[in-house]
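Letters go in sequence order (proteins before strands), and every chain restarts at 1. Hydrogens, waters and symmetry mates are skipped; everything else that's a heavy atom, side chains included, is used.
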Protein chains: 4
Amino acid sequence: MSGAQREKHEAILDSAFEIFGQKGFYETKISDITEHAGIAKGTMYLYFKSKEELFIAVTRRDWETFLRNLSYRVKQADGLLPKLRQVAEHHLEYYYERKSHGKIFFHAPNNDSELMKMMHGFLTRYMAIVKDVLEEAGMPDPDFYAKAFIGMLDRLKMDILFEGEFTREELELRVDQTVRLFLRGSERELN
Amino acid sequence: MSGAQREKHEAILDSAFEIFGQKGFYETKISDITEHAGIAKGTMYLYFKSKEELFIAVTRRDWETFLRNLSYRVKQADGLLPKLRQVAEHHLEYYYERKSHGKIFFHAPNNDSELMKMMHGFLTRYMAIVKDVLEEAGMPDPDFYAKAFIGMLDRLKMDILFEGEFTREELELRVDQTVRLFLRGSERELN
Amino acid sequence: MSGAQREKHEAILDSAFEIFGQKGFYETKISDITEHAGIAKGTMYLYFKSKEELFIAVTRRDWETFLRNLSYRVKQADGLLPKLRQVAEHHLEYYYERKSHGKIFFHAPNNDSELMKMMHGFLTRYMAIVKDVLEEAGMPDPDFYAKAFIGMLDRLKMDILFEGEFTREELELRVDQTVRLFLRGSERELN
Amino acid sequence: MSGAQREKHEAILDSAFEIFGQKGFYETKISDITEHAGIAKGTMYLYFKSKEELFIAVTRRDWETFLRNLSYRVKQADGLLPKLRQVAEHHLEYYYERKSHGKIFFHAPNNDSELMKMMHGFLTRYMAIVKDVLEEAGMPDPDFYAKAFIGMLDRLKMDILFEGEFTREELELRVDQTVRLFLRGSERELN
DNA sequence: AATGAATGAGGCTTCATTCAT
DNA sequence: GATGAATGAAGCCTCATTCAT
């Protein structure tokens with residue numbers, strides 16, 4: 001693939017990410033994407049075999065970036081608390097930057113086992129990263145704790161995606177709160 | 001609406017819940033539902049205005065039951081810990097009973113603002129119930145803690161929905177762990 | 001299938017025969033056929049699974065009629081010569097009546113093994129009928145002679161289909177000539 | 001046109017013959033042909049105006065060869081019987097060598113009057129050659145006899161094209177039988 | 001009220017052809 | 001001349017919805 005082709009490949013992925021993100025898989029027409037990309041409908045089929053394949057490619061690229069950045073940030077930080085803060089910050093920032101692309105997280109095509117496998121793989125890799133952080137710190141049952149931590153973070157995405165006025169400051173606050181809750185529990189907050 | 005009509009209304013909702021749950025909104029055909037209900041395609045339109053309306057009605061009925069049962073269980077329990085245990089158990093049991101209906105949680109119709117509003121309303125009511133429990137116990141920032149608690153629980157639904165071998169015993173174990181983590185944090189588990 | 005449905009089924013077959021016959025399989029659009037039948041595009045799919053299936057059904061109906069009529073005519077006639085005359089007349093009349101449907105004989109869909117099998121089956125049945133006539137008369141190697149006789153007839157279809165001015169009288173003349181040639185050869189015509 | 005160009009021209013025709021023969025006109029993509037020829041898609045359009053033109057050129061070349069060879073063989077032979085044997089042998093050999101290219105005979109493009117005219121012209125020339133042979137021998141109504149003879153031969157092509165196990169020996173046998181039937185008729189074979 | 005045949009808008013995809021390099 | 005990326009018209013088919021019975 002030449003340089004120009006790689007660029008167009010990326011441009012289609014960009015447009016697809018944009019439109020799938022706004023409308024979800026089923027409500028998105030190929031023509032929506034190609035018009036947004038400024039190309040003809042047929043051109044998309046030179047780069048991707050089908051609408052499903054395109055969606056998968058978009059999702060894969062997004063997740064790979066997510067995981068790559070997460071790994072990097074976790075590696076840079078030192079100690080359990082800083083590492084967990086990085087995870088939390090990264091997770092929430094990810095959704096923060098995708099405020100207007102919420103649909104992509106909810107409307108993947110059904111019955112597509114390739115996609116399902118891929119998603120499962122990504123979730124596993126995400127969990128593994130967090131699990132490693134916990135394990136390194138000597139946490140018992142790190143599987144469970146990793147899931148719970150990610151769960152707390154993921155629930156907050158709803159606020160970010162659906163509350164228009166969510167600010168960057170609130171984001172930082174949530175990071176603090178979440179990490180604190182995770183480590184120290186809520187009980188001691190009681191009078 | 002006569003009694004016979006109410007019965008048919010319910011029968012359609014039952015079939016719709018079944019099929020939407022298995023295939024998701026977009027991959028479900030009206031004819032799938034009406035065949036499963038043993039009625040003619042046109043009959044559905046005597047009871048519901050459109051496919052979207054039917055989906056909304058299904059979702060509403062499911063959520064109302066969810067919230068009603070939750071309220072009841074929380075009211076029965078006494079004290080923070082028992083109440084949180086009820087919330088956790090109820091949440092996980094809900095998914096446990098819907099193991100084979102996972103698609104309904106991921107594939108709602110897009111661009112349907114009525115549904116979006118409704119979903120938001122339900123989430124708010126769910127949160128309010130948990131928030132009340134926390135507030136009653138004197139927890140500060142109960143909004144945040146409620147979200148975090150629900151988030152932890154909701155993350156675990158992935159395991160339930162996608163791991164075939166998830167057992168009832170594991171469910172109880174998760175309830176314990178989650179409540180404990182929520183109250184006491186993970187820090188003290190470290191050596 | 002109700003009476004009205006059976007009628008529509010036939011009406012679609014009639015239109016399909018008409019249009020496929022004029023344009024061939026590939027140049028025919030489903031909308032050509034449904035417009036000719038005075039129905040909506042989707043309606044055709046209530047009666048036939050696909051364009052291929054429709055074509056197969058059209059072909060099958062035409063061939064079945066062909067073979068049924070042939071059998072009947074051959075049964076009515078008595079003796080080798082009269083029977084062969086019936087075969088020849090029937091064969092040529094068939095094309096004569098389909099002067100304006102020539103394309104259907106040349107443009108079936110490729111790569112459709114069901115159709116291929118069916119065509120082969122019909123040809124075999126056709127040949128078997130002629131073979132029986134010859135065998136009954138004590139002709140040796142009836143397989144070969146049956147093929148040759150049908151071949152002579154079939155070649156003449158080109159004249160019928162592509163020469164606009166082919167008349168009914170010429171048809172009768174060809175019947176005579178063909179049967180005579182088949183039985184007595186051309187040699188004795190030489191001086 | 002330079003020598004190199006003429007070679008490419010021929011190479012495209014060769015590939016087109018191969019692929020059209022295997023898949024028929026409609027199921028063949030230009031890219032199938034150009035890939036088989038090892039050239040770019042656009043290159044084909046430097047040599048032929050369209051897919052139809054290419055098909056016509058392929059057909060013309062094939063038929064011209066057919067007729068040239070036939071003329072030569074007929075000229076070499078001496079007497080009615082040997083000449084007819086040459087025609088029969090040549091006809092059957094033609095299909096025998098094209099066993100794997102059957103589709104080309106059944107799937108020409110429709111609605112292309114140029115092709116139709118050409119085909120008609122070739123058939124006429126073929127018939128004229130046979131007719132001359134018969135006329136020369138003093139056969140009356142040579143038009144009809146020529147058609148009948150070719151018809152017998154052409155029917156046998158079905159066996160050759162569709163019966164995998166058709167051998168060279170069977171071919172010779174068919175030649176004998178066909179010529180004999182044509183000259184002496186089948187009647188005298190009866191007891 | 002119930003039916004289910006009919007409708008037809010609309011989307012995905014293919015592929016012959018063009019044209020800038 | 002040769003390339004092959006890009007184009008976009010065109011067709012098959014689906015399925016939510018309607019309506020005559």
Side-chain angles (χ1 to χ4, degrees), chain A residues 1-2 4-5 8-9 12 26-35 37-54, chain B residues 1-2 4-5 8 25-35 37-54 109, chain C residues 1-2 4-5 8-9 12 26-35 37-54, chain D residues 1-2 4-5 8 25-35 37-54 109:
Chain A
M1 214 187 275
S2 78
Q5 272 180 65
K8 191 155 295 192
H9 185 95
I12 295 173
Y26 291 101
E27 301 281 346
T28 294
K29 288 175 272 179
I30 289 297
S31 60
D32 291 340
I33 292 171
T34 53
E35 271 164 37
I39 59 173
K41 228 171 342 150
T43 306
M44 179 261 169
Y45 288 90
L46 298 177
Y47 293 86
F48 302 92
K49 266 213 296 290
S50 66
K51 192 184 175 186
E52 273 79 9
E53 293 265 312
L54 177 58
Chain B
M1 214 188 274
S2 77
Q5 272 177 49
K8 194 159 292 192
F25 178 78
Y26 291 101
E27 301 281 343
T28 293
K29 292 178 254 177
I30 290 297
S31 61
D32 291 339
I33 293 171
T34 54
E35 270 164 37
I39 59 172
K41 223 163 8 141
T43 306
M44 185 276 235
Y45 286 90
L46 298 176
Y47 293 86
F48 302 92
K49 254 214 305 287
S50 67
K51 192 185 177 186
E52 274 79 10
E53 292 267 310
L54 176 58
Chain C
M1 213 187 273
S2 78
Q5 273 182 63
K8 192 156 295 192
H9 185 95
I12 294 173
Y26 291 101
E27 301 282 345
T28 294
K29 289 175 271 180
I30 290 297
S31 60
D32 292 339
I33 293 171
T34 53
E35 270 164 37
I39 58 173
K41 234 176 332 154
T43 306
M44 180 261 170
Y45 288 92
L46 297 178
Y47 293 85
F48 302 92
K49 266 213 297 287
S50 66
K51 191 184 176 187
E52 272 80 9
E53 292 265 313
L54 176 58
Chain D
M1 213 187 273
S2 78
Q5 273 176 48
K8 194 160 289 194
F25 178 77
Y26 291 101
E27 302 282 343
T28 294
K29 293 179 255 176
I30 290 296
S31 61
D32 291 340
I33 293 170
T34 53
E35 269 164 38
I39 59 172
K41 220 157 19 135
T43 307
M44 184 277 236
Y45 286 89
L46 299 175
Y47 292 86
F48 302 91
K49 256 215 303 287
S50 67
K51 192 185 178 187
E52 274 79 10
E53 292 268 311
L54 176 58

Round to a whole Å and report the spacing from CD of C:Glu52 to P of F:dG11. 15 Å
Less than 4.5 Å apart, any side-chain heavy atom of A:Thr34 and any of A:Thr43? no
Which one is paired to F:dT7, where only Watson-Crick or G-U wobble pairs with both distances under 3.5 angstrom count? E:dA16
Using only side-chain N and O atoms of C:Gln5, determine if any of them is under 4.0 Å from OP1 or OP2 of E:dA5. yes
D:Glu27 atom CD is separated from E:dC15 atom P, nearest whole Å, by 8 Å
How close or far is atom P of F:dT14 from atom CZ of C:Phe48, stated in whole angstroms? 15 Å
Identified pairing partner of F:dC13, criterion: Watson-Crick or G-U wobble below 3.5 Å: E:dG10
For F:dT21, which nucleotide is its Watson-Crick or G-U wobble mate, given both distances must be under 3.5 Å? E:dA2
Looking only at heavy atoms, what is the nearest atom pair of B:Lys8 and B:Ile39, with distance? CD-CG2, 4.3 Å
Answer with base, sugar-phosphate or nothing: what part of the nucleic acid does B:Thr34 contact at a heavy-atom distance below 4.0 Å? nothing
Let me know the distance between CD of C:Glu35 and C1' of E:dT7, rounded to the nearest Å. 14 Å
Minimal heavy-atom distance between B:Lys51 and B:Tyr26, with the atoms involved, is NZ-O, 4.0 Å
Between B:Gln5 and B:Tyr47, do the side chains contain a donor N or O and an acceptor N or O under 3.5 Å apart? no
Which whole-number value in Å describes the distance from B:Glu53 CD to F:dT17 P? 10 Å
Is the shortest side-chain heavy-atom distance between D:Ile33 and D:Met44 below 4.5 Å? no
Let me know, please, whether D:Thr28 or B:Thr43 comes out on the 5' side of the other along DNA chain E by nearest nucleotide. B:Thr43
What integer distance in Å separates A:Tyr45:OH from F:dG8:P? 16 Å
Specify the residue among B:Gly42 and D:Gly42 whose closest nucleotide of DNA chain F lies further upstream toward the 5′ end. D:Gly42
Nearest nucleotide by nearest heavy atom, which residue falls closer to the 5' end of DNA chain E, B:Gly38 or C:Ala40? B:Gly38
Taken to the nearest whole Å, NZ/C:Lys8 to C1'/E:dT7 is 10 Å
Looking at A:Tyr47, I'd like to know whether one of its side-chain N or O atoms comes within less than 4.0 Å of OP1 or OP2 on F:dA6. yes
More 5' along DNA chain F: A:Met44 or C:Leu46, using each one's nearest nucleotide? A:Met44
Rounded to the nearest angstrom, tell me the gap between atom CD1 in B:Ile30 and atom P in F:dT18. 12 Å
Classify the side chain of B:Lys41 versus the base of E:dT3 as yes if they form a donor-acceptor pair under 3.5 Å and no if they do not. no
Give one of base, sugar-phosphate or nothing for D:Lys49, where a contact means two heavy atoms less than 4.0 Å apart. nothing
